[in-house]
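The model shown is predicted, which means the values in this text are computed figures rather than measured ones. Quick note: numbers below take in every heavy atom, side chains included, and nothing from hydrogens, waters or symmetry partners. The chains referred to below are lettered A, B, ... by the order of the sequence lines, with proteins before strands, and numbering in each begins at 1.
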2 protein chains.
Amino acid sequence: MQELLNVFKALSDETRLRILKIAEKGEICVCDLVSVLDMSQPKISFHLNTLKEAGLLKDRKQGKWVHYSINDSDMFRRFLVLSVLEKIPGEAVKKNLARLRTVMNIKNKNRCCEK
Amino acid sequence: MQELLNVFKALSDETRLRILKIAEKGEICVCDLVSVLDMSQPKISFHLNTLKEAGLLKDRKQGKWVHYSINDSDMFRRFLVLSVLEKIPGEAVKKNLARLRTVMNIKNKNRCCEK
DNA sequence: GTAACATATAAACATCTTTTGATTTGTTTG
DNA sequence: CAAACAAATCAAAAGATGTTTATATGTTAC
């Protein structure tokens with residue numbers, strides 16, 4: 001039962017829904033998330049860990065960086081996340097997604113997790 | 001976004017999942033829930049209100065009693081609840097469901113919400 | 001009307017979760 | 001190896017949620 005509760009707890013936070021919405025667009029590293037969401041790094045790390053513990057995100061370490069992405073190994077979670085993200089009003093995450101596009105386009109300077 | 005968050009917050013509590021599991025079997029009044037879950041009445045009322053506010057339960061007043069049941073007017077919530085209840089390990093709610101059967105069978109004495 | 005009952009609400013308290021600021025760990029680069 | 005950086009962790013503070021005890025509200029039965 002606790003495992004199921006952890007999934008819902010993970011989904012009951014606005015910041016975490018934003019993270020999922022961003023991760024839906026593709027794998028993202030912590031430093032980019034900090035920049036896209038404009039929140040402190042420990043705060044982002046805390047929420048990423050919560051999502052990971054709930055089995056909703058998975059991580060991939062590469063050098064200094066850690067990349068997070070939607071964990072699609074479990075059908076129930078995958079489906080939940082899909083239907084949840086569908087339900088988030090576009091207006092609510094508009095700015096985050098715009099910022100994501102901007103950050104992704106800066107391939108040269110200012111860009112973290114890019115060799 | 002808040003409305004969506006409230007649905008997940010409502011689903012992130014063990015007592016509330018138990019209540020939903022019981023309500024799946026049919027409409028139930030507060031006094032019976034208190035007896036089935038063996039918890040204080042204000043505690044049950046608190047959780048019922050949380051579920052109602054999240055749009056997962058609806059209530060029906062009848063005389064002294066208030067009967068709660070799954071609110072199936074919204075597809076997203078209905079589907080969520082269905083798949084969630086499916087996921088709860090039977091072992092976890094076995095005793096509650098047994099107690100529910102007992103309580104439902106006592107139609108004569110000790111039974112509240114029965115004229 | 002008053003007594004008995006079912007439920008809701010409120011205030012005080014306990015517990016859990018999130019945020020912050022400081023620090024640590026681990027990796028890369030020169 | 002030292003400096004620079006990314007991310008995680010930690011302890012303390014702040015905030016939110018759940019629980020308890022006592023009380024209020026509304027209904028029924030006498």
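- Look at CG on L11(A): it is 15 Å from P on dT17(C), rounded to the nearest Å.
- Annotation: side chain of L100(B) is in contact with side chain of I28(B) (closest heavy-atom distance under 4.5 Å).
- For the pair L5(B) CG and dT17(C) P, the interatomic distance rounds to 16 Å; values are reported in whole Å.
- Across dG26(D), dA8(C), dT9(D), the shortest atom-to-atom separation from the side chain of K64(B) is found for dG26(D).
- Rounded to a whole Å, the CD atom of Q62(A) is 14 Å from the P atom of dA6(D).
- We find that D72(A) and K58(A) are joined by a salt bridge, their nearest charged nitrogen and carboxylate oxygen being less than 4.0 Å apart.
- When each of T15(A) and P42(A) is assigned the nucleotide of DNA chain C bearing its nearest heavy atom, the one mapping closer to the 5' terminus is T15(A).
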Check residues 82-95 of chain B and write down every donor-acceptor pair under 3.5 Å in which the side-chain atom is one partner and the other belongs to a residue at least two apart or another chain.
residue	atom	partner	partner atom	Å
S83(B)	OG	F79(B)	O	2.8
S83(B)	OG	L80(B)	O	3.1

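- The residues R78(A) and E24(A) are annotated as salt-bridged, a charged nitrogen and a carboxylate oxygen being separated by less than 4.0 angstrom.
- Atom pair I44(B):CD1 and dT20(D):C1' shows a separation of 14 Å (rounding to whole Å applied).
- In this structure, F8(A) atom CZ and dT17(C) atom C1' are separated by 19 Å, rounded to whole Å.
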Filtered N/O pairs between nucleotides 14-18 of chain D and protein, under 3.5 Å:
residue	atom	partner	partner atom	Å
dT17(D)	OP1	K9(B)	NZ	3.1
dG18(D)	OP1	R16(B)	NH1	3.3
dG18(D)	OP1	R16(B)	NH2	2.9

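- Across dT28(C), dA8(C), dT20(C), the shortest atom-to-atom separation from the side chain of V66(B) is found for dA8(C).
- Within the 4.0 Å cut-off from OP1 or OP2 of dA6(D), not a single side-chain nitrogen or oxygen of Y68(A) is found.
- The distance from atom CH2 of W65(B) to atom C1' of dT27(D) is 9 Å, rounded to the nearest whole Å.
- Across the protein-nucleic acid pair, D59(A) atom CG and dA8(D) atom P stand 7 Å apart, rounded to whole Å.
- Taking atom CD of residue Q41(B) and atom P of nucleotide dT23(D), one finds them 15 Å apart after rounding to whole Å.
- Under the 30°/60° scheme for interplanar angles, the aromatic rings of F8(A) and F76(A) are found to stand perpendicular.
- Counting heavy atoms of neighbouring residues, nucleotides and ligands inside a 6.0 Å radius, atom CD of E3(A) does not exceed 12 of them.
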Run the numbers on D38(B) and R99(B) for salt bridge (Lys or Arg N to Asp or Glu O under 4.0 Å), then give the verdict. CA-CA 10 Å; D38(B) 191 26; R99(B) 184 111 187 77; over 6 Å; no

